[in-house]
There are 2 protein chains.
Amino acid sequence: MPTSTVEQYIKIIYTQQEHLEKGVVPMKRLSEAMGVTPGTATTMVKHLSDVQLVTYHPRQGVLLTAKGEDLALRMLRRHRLIEAFLEQVLGYDWSEVHADAERLEHAVSDKFIDKLDRYLGYPEVDPHGDPIPSSSGSIESAVTVPLNTCTPGRRVRIVRLLDDDPDFLVCMKDYMIFPGEDFILQESSAVAGTVTVEHLRTRGSATVGYGLAGRILVAEP
Amino acid sequence: MPTSTVEQYIKIIYTQQEHLEKGVVPMKRLSEAMGVTPGTATTMVKHLSDVQLVTYHPRQGVLLTAKGEDLALRMLRRHRLIEAFLEQVLGYDWSEVHADAERLEHAVSDKFIDKLDRYLGYPEVDPHGDPIPSSSGSIESAVTVPLNTCTPGRRVRIVRLLDDDPDFLVCMKDYMIFPGEDFILQESSAVAGTVTVEHLRTRGSATVGYGLAGRILVAEP
DNA sequence: TGTTAGTTTTTGAGTAGTCAAATTAGATCC
DNA sequence: GGATCTAATTTGACTACTCAAAAACTAACA
Ligand SMILES: [Mn+2]
Ligand SMILES: [Mn+2]
Ligand SMILES: [Mn+2]
Ligand SMILES: [Mn+2]
């Protein structure tokens, strides 16, 4: 059985790998995402390599093995189902579910997760629009593009928010920018570094930085 | 913040203290209940004493301080609310809730527990009839007597099962011996070491050992 | 009173995870 | 080709928890 620390490293490696062009995750990136020093990450990565969860390329980075990916998807499934539960059942605000899920995901059994999945009616996405892997480990995400790559004038629907930071999420909530909401993209300026959208229903407009807009995934219907 | 190991020790000390005439819990008892060697228990108890959770009487045993009792009751509240949730909401069998609760109790936040309490409608007891402490730390248990101290001929109602062992609980389930069920006490023999009861509705009779009967708490209405 | 059995404590060692600080390897830039 | 900057690795040390085995204490019994 993997410890909760190992579970956490594997999950982080998966998500970092996802948001990365080149396959391997370098130590700097991993250590920052884990909140540990680079030396600690190196030590742990060697251990993960020993137990076949990652392949380690010294001075370059890590890559998940098939076994590691399995574990990562199981953790993502746990995390996201728990987030859905906290919001839908216990009445958490969707901007606050992350922290509690982060600890619960390491304490639940497979039995718990499967029963929870059933109780929630087999949801496909969590409160942030992140897709929930099935119990067999398959995951399918909707086709989306980052908001900062869309062409102005087009109508877009918010599908997913990639950042888990409560401050970011509360800010998005104030702008009505969350999964399911429709907007018209008014302006997108790489030079000015801003993206402006107008909410379809309320006509309210919001301007966010280019970097943040990259973490807002939308569909162009 | 106490680690989950510390939380577990404190909870165990509380329950052992409860089922004990003399106040102090000796090392042998504590180490057995924790599943560690006596030396380990001694080491930990010294640490718990350093952080004011227990008072340690060398070569005699430990006693919770007020601070320790606070923590113990918070843990018991968590444990029992989680057990109630697993049974009532997720559909666990009440004989199986203990193991999962044992890990979850260390991973939930106060916010989680208070929201769960509300969602469940502020239950007073868990699936085994154990009373659930309030968020302010008060606990009130119904007046009960162990089944092996009752006088034959009397009608009794099962209120609480003290043992968490799944085998014991499944056995009790087969006999219909669980909170809320009514029986007539037919025979109680300290010599033979058995207690025989008859289920009021079904007329089915059950015989259990004297020791086990001591873990079945009943009310004589 | 002396012996013995049971309990408790001490000691030394091991695992998992972490950090600080020194060192090494690569890349980049003149 | 060097000088320099950054990322990565190594080393030594620390915390929290654990065990095995030896030593010490207590209590009770002969
Ligand atoms: Mn986590
Ligand atoms: Mn999420
Ligand atoms: Mn526990
Ligand atoms: Mn219980």
Side-chain angles (χ1 to χ4, degrees), chain A residues 1-13 16-17 19-64 68 71-72 75 102-103 105-107, chain B residues 1-13 16-17 19-64 67-68 71 75 102-103 105-107:
Chain A
M1 275 300 99
T3 64
S4 56
T5 309
V6 167
E7 287 178 347
Q8 189 68 13
Y9 271 92
I10 294 299
K11 199 187 66 176
I12 294 285
I13 292 170
Q16 294 299 318
Q17 209 168 291
H19 309 338
L20 225 55
E21 54 310 330
K22 205 171 131 219
V24 332
V25 181
M27 289 307 129
K28 178 129 196 275
R29 205 181 170 107
L30 176 56
S31 63
E32 272 166 7
M34 280 296 301
V36 298
T37 62
T40 302
T42 302
T43 310
M44 176 53 85
V45 156
K46 282 181 183 166
H47 168 66
L48 296 177
S49 172
D50 285 346
V51 296
Q52 323 268 25
L53 286 166
V54 305
T55 53
Y56 171 44
H57 302 281
R59 308 217 104 96
Q60 300 186 64
V62 268
L63 209 61
L64 290 179
L71 178 56
M75 294 315 296
E102 201 57 51
R103 274 166 319 112
E105 65 189 359
H106 308 289
Chain B
M1 275 301 100
T3 63
S4 56
T5 311
V6 166
E7 287 178 345
Q8 188 69 13
Y9 270 92
I10 294 299
K11 199 186 68 177
I12 294 285
I13 292 170
Q16 294 299 316
Q17 209 167 290
H19 310 336
L20 225 56
E21 54 308 331
K22 203 170 135 223
V24 330
V25 181
M27 288 308 128
K28 178 130 195 276
R29 204 181 170 106
L30 176 56
S31 63
E32 273 166 6
M34 279 298 300
V36 298
T37 62
T40 301
T42 301
T43 309
M44 176 54 86
V45 156
K46 282 181 182 167
H47 168 66
L48 296 177
S49 172
D50 286 346
V51 296
Q52 323 268 25
L53 285 167
V54 305
T55 52
Y56 171 43
H57 303 281
R59 300 204 172 261
Q60 298 184 67
V62 269
L63 208 61
L64 290 179
K67 190 179 157 198
L71 178 56
M75 294 315 297
E102 201 58 51
R103 274 167 317 112
E105 65 189 359
H106 308 290

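Below, read A as the first sequence line, B as the second, and so on, with proteins coming before strands; counting in each chain starts at 1.
- For the atom pair CG of A/Leu48 and CD1 of A/Ile10, the computed distance is 4.5 Å after rounding to the nearest 0.5 Å.
- Between the P atom of D/dT18 and the NE2 atom of B/His47 lies a distance of 11 Å, rounded to the nearest Å.
- Every salt bridge (Lys or Arg N to Asp or Glu O under 4.0 Å) that B/Arg103 has, sequence neighbours left out, goes to B/Asp100.
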Under 3.5 Å, side-chain donor or acceptor atoms of residues 37-46 of chain B against the rest of the protein: list the pairs with distances, not counting sequence neighbours.
unit_1: B/Thr37; atom_1: OG1; unit_2: B/Thr40; atom_2: OG1; d: 2.9
unit_1: B/Thr42; atom_1: OG1; unit_2: B/Pro38; atom_2: O; d: 3.1
unit_1: B/Thr43; atom_1: OG1; unit_2: B/Gly39; atom_2: O; d: 2.9

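- Think of the region where chain B sits on DNA chain C: with heavy atoms and a 4.0 Å cut, that region ends 5' and 3' at C/dT7 to C/dT10.
- A close approach under 4.0 Å does not occur between any side-chain nitrogen or oxygen of B/Tyr9 and OP1 or OP2 of D/dA16.
- Here the CG atom belonging to A/Leu63 is positioned 5.5 Å from the NE2 atom belonging to A/His57, to the nearest 0.5 angstrom.
- Contacts classified as salt bridge (Lys or Arg N to Asp or Glu O under 4.0 Å) and involving residues 30-39 of chain A (residues at least two apart or in different chains) are given here: A/Lys28-A/Glu32.
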Could you go over nucleotides 8-12 of chain D and give all protein N or O partners under 3.5 Å, atom names and distances?
unit_1: D/dA8; atom_1: OP1; unit_2: A/Met27; atom_2: N; d: 3.4
unit_1: D/dA8; atom_1: OP2; unit_2: A/Lys28; atom_2: N; d: 2.7
unit_1: D/dA8; atom_1: O3'; unit_2: A/Arg59; atom_2: N; d: 3.3
unit_1: D/dA8; atom_1: N3; unit_2: A/Arg59; atom_2: NH2; d: 3.4
unit_1: D/dT9; atom_1: OP1; unit_2: A/Tyr56; atom_2: OH; d: 2.2
unit_1: D/dT9; atom_1: OP1; unit_2: A/Arg59; atom_2: N; d: 2.8
unit_1: D/dT9; atom_1: OP2; unit_2: A/Thr42; atom_2: OG1; d: 3.0
unit_1: D/dT9; atom_1: OP2; unit_2: A/Tyr56; atom_2: OH; d: 3.3
unit_1: D/dT10; atom_1: OP2; unit_2: A/Lys46; atom_2: NZ; d: 2.0

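- No side-chain heavy atom of A/Tyr9 sits less than 4.5 Å from a side-chain heavy atom of A/Thr3.
- B/Gln8 pairs by the side-chain hydrogen bond (donor to acceptor under 3.5 Å, both in side chains) definition with B/Glu102, B/His106, not counting sequence neighbours.
- Here the shortest heavy-atom pairing between A/Ala33 and A/Ile12 reads CB-CG2, 3.5 Å.
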